[in-house]
Amino acid sequence: MDFQENEKRSLNFIESIIEEDLQVNKNQGRVHLRFPPEPNGYLHIGHAKSICLNFGLANEYNGLCNLRFDDTNPEKEDVEYVDSIMEDISWLGFDWDGDPKYASDYFQQLYDWSVQLIKEGKAYVDEQPQELISEQRGVPTRPGIDSPYRNRPVEESLDLFERMKNGEFSTGDMILRSKIDMSSPNMHMRDPIMYRILHQTHHRTGDDWCIYPMYDWAHGQSDFIEGITHSVCTLEFEIHRPLYDWALDQIVEGDYRPRQIEFARLNLSYTVMSKRKLLELVKDNHVNGWDDPRMPTISGFRRRGYTPESIRNFADRIGVAKRDNVIDVSLLEFSVREHLNQIAPRALAVLDPIKVVITNYPESKVEELELANNQNDENAGTRIVPFTRELYIERDDFMEDPPKKFFRLGPEREVRLVGAYIIKCEDFKKDAEGNITEVYCTYDPDTKSGGAGAKRKVKGTIHWVSAEKAVDAEVRLYDRLFVDEDPDGHKDKNFKEFLNPDSLKVLQNCKIEPAFSTVKPGDKLQFQRLGYFCVDKDSSHNKLVINRTVPLRDSWSKRK
RNA sequence: UGUCCGAUGGUGUAAUGGCAGCACUGCAGAUUUUGAUUCUGCCUGUCAAGGUUCGAAUCCUUGUCGGACAACCA
């Protein structure tokens, strides 16, 4: 903690609850959380919030946090997702307590508890078709009506339930229902379904089971089995809480009892967050897979060049509360820049090159200039950058007819090449379309960085690379995936109508200073004056592929 | 015309009956061999009305607005 000991930090509402529980020694003073994803998709930044919350709370209160896969619906789940979820959590920097847990580990116990409930007259097998059951359930403003099977003899339900388990019936033939209250204003209490028949191979239990418990008849029990004290979930489960508590009422003996606490999920501007929609983007090839750097998935951010630290800091900054929220992406971008600014070595790279010839510089001369890897951090060391007669500079850094306040190169203008000399533009060449093809300059030998005449000031400093020594790279420039702040918030328009057609620009002819020719996938760099970049896994030994994580803040382009 | 939840600057989030603070964004300025970073300053807020109180963002009442809920999904 960077704070002084005596300065009391304000608590979020979940921390307050935990501290109150600790005061009265609830659950023997244990704090045990869990992160319970269903393995049916890749984790996104919203899950990251939940992960940071749960694991963070465990660290803060000397407690534990489990990883539990909520794998009660084999139709949608797969080991591919299990693996990616574990990878993402580890990458974020968290360790779960013991082995990963699975709701499917508890299938037998859940079954036994169901049998007990039937015996107590609190559950029954319903044989009606789905539509009828749904119709009888009524609507929120009108009570439902009882199923004709609601009061069937216990023995009958017991027999049927066992035969359901034994596979004597087909998928959808019958269900096990709990008997609660068909007129409850809370729809979830109107005899909710506990078990359904699903002849479907499960990614872990194979064909051992053909009946699977529903969320509401698995989650509270799983929490209880694992000794979870604070079961933190998102707001949409708030209305399930009475059912969560009802389920616990059926099995809890003694003092220990888990408590469900709901918080508002993260929404981020300019993106969508639901697994269904993200899956749609992947399937329809609007992006190149779950880890496409434009995706709000954890794997997407990782490939984009975000660091675990930056995401954890982001999660801290957004806070935890119960009101709906939309976080501006600029806060996320601030968080990566903040971290990358500290750790990313500076490099010179020209993305859209035009050639500059220093006419008074010797043809074959190569000067080895020593440049700081990070001007703000002496410990970052230095590197050698070759300077030659022919260079590349950024196309944006030259204007034939520059406006006021343009501090870069133009006819008769002077500019400093970062870490090298002041040069003056004497002439330039254009092609038939009027594009600048070459710029001719002279350099002032007295102005070499660190040298005697280096103190001379010019308005602008621009980046450059040696044309002869630079290495080639493909650079992928990413922009926000959607052009609308809330692509999902339009009643009559599909979110895909707001896809940004320019969310990816691939530049093939980029030039990078040779010191960085040996970088490896995942390495982070700051291309000076351009932004933060990272090496993509598509790179090979003869071709560098580089992603732009985020541009530098740029008060010049805003001004234009 | 149900039940539950929520409402503090542009966006988030604090203040737990006692000075409405912090961060991001935006805008100015200083420094700068990155138009970056850093530093300084500024803008902008308690949904409404009534009540309780010496004192209300906070407690009470009513209203308004927003969200969630009617899957054999989680």
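A, B, ... follow the sequence lines: proteins, then strands. Residue 1 opens every chain.
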How is [X] classified with respect to the nucleic acid when contacts are heavy atoms under 4.0 Å: base, sugar-phosphate, or nothing?
X      : value
A:P143 : nothing
A:T141 : base
A:Q375 : base
A:S269 : nothing
A:Y195 : nothing
A:G451 : nothing
A:E394 : nothing
A:F406 : base

Legend entry - Selected nucleotide, minimal atom distance to A:Q528 side chain, candidates B:G35, B:C73, B:U34: B:U34
Inset, instruction - Check every atom of B:C72, B:A74, B:G35 against the side chain of A:Q130 and return the nucleotide holding the closest atom. - result: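 So the side chain of A:Q130 is nearest to B:C72.
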G-U wobble or Watson-Crick pairing nucleotide for [N] (cut-off 3.5 Å, both distances):
N     : value
B:U8  : none
B:U16 : none
B:C27 : B:G41
B:G50 : B:C60
B:C73 : none
B:A68 : B:U3

Legend entry - Cation-pi, A:Y124 ring and A:R177 (6.0 angstrom, 45 degrees): no
Inset, instruction - Using the six-membered ring of A:Y111, assess whether NZ or CZ of A:K165 lies under 6.0 Å from its centre and within 45 degrees of the ring axis. - result: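 Yes.
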Whole angstroms only, please: what is the [atom1]-[atom2] distance between [X] and [N]?
X      : N     : atom1 : atom2 : result
A:L235 : B:A7  : CG    : P     : 11 Å
A:F527 : B:U37 : CZ    : P     : 19 Å
A:H188 : B:A68 : NE2   : P     : 13 Å
A:D71  : B:C73 : CG    : C1'   : 14 Å
A:D245 : B:C4  : CG    : P     : 16 Å
A:Q526 : B:G35 : CD    : P     : 10 Å
A:N376 : B:U31 : CG    : P     : 17 Å
A:H240 : B:C5  : NE2   : P     : 15 Å

Legend entry - Comparing A:I193 and A:P185 on RNA chain B - which has the more 5′ nearest nucleotide: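 Its nearest nucleotide being more 5', the pick is A:P185.
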Legend entry - Residue whose closest nucleotide on RNA chain B lies nearer the 5' end, A:F334 versus A:Y215: A:F334
I want to check one thing: is the phosphate of [N], taken as OP1 and OP2, less than 4.0 Å away from some side-chain N or O of [X]?
X      : N     : answer
A:K275 : B:A74 : no
A:R346 : B:A36 : no
A:R553 : B:U37 : yes
A:R416 : B:U32 : no
A:R137 : B:C69 : no
A:S134 : B:C72 : no

Inset, instruction - Check whether the ring centres of A:Y244 and A:F237 lie less than 6.0 Å apart, and answer yes or no. - result: no
Inset, instruction - Report, as a single string ordered 5' to 3', how protein heavy atoms within less than 4.0 Å touch nucleotides 8-13 of chain B: B base, S sugar-phosphate only, - not at all. - result: B--SSS
I'd like the [atom1] distance from [M] over to [N], given in whole Å.
N     : M     : atom1 : result
B:U58 : B:A15 : C1'   : 9 Å
B:C59 : B:G2  : P     : 24 Å
B:U1  : B:C24 : C1'   : 41 Å
B:G51 : B:G12 : C1'   : 32 Å
B:A49 : B:A57 : C1'   : 16 Å
B:U37 : B:A30 : C1'   : 14 Å
B:A23 : B:A14 : C1'   : 11 Å
B:C47 : B:C42 : P     : 25 Å

With a 4.0 Å cut-off, would you call [X] and [Y] a salt bridge?
X      : Y      : answer
A:E226 : A:R68  : yes
A:R265 : A:E236 : yes
A:E127 : A:R152 : yes
A:R190 : A:D181 : no
A:E367 : A:K448 : yes
A:D444 : A:R456 : yes

Inset, instruction - Classify the side chain of A:R408 versus the base of B:G35 as yes if they form a donor-acceptor pair under 3.5 Å and no if they do not. - result: yes
Inset, instruction - List the atom of A:K49, the atom of A:A264, and the distance in Å for their closest heavy-atom pair. - result: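 So the minimum-distance heavy-atom pair works out to NZ-O, 2.7 Å.
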Inset, instruction - Please name the residue in the list A:F35, A:Y102, A:Y106, A:Y81 that meets the ring pair (Phe, Tyr, Trp, His ring centres under 6.0 Å) test with A:F69. - result: A:Y102
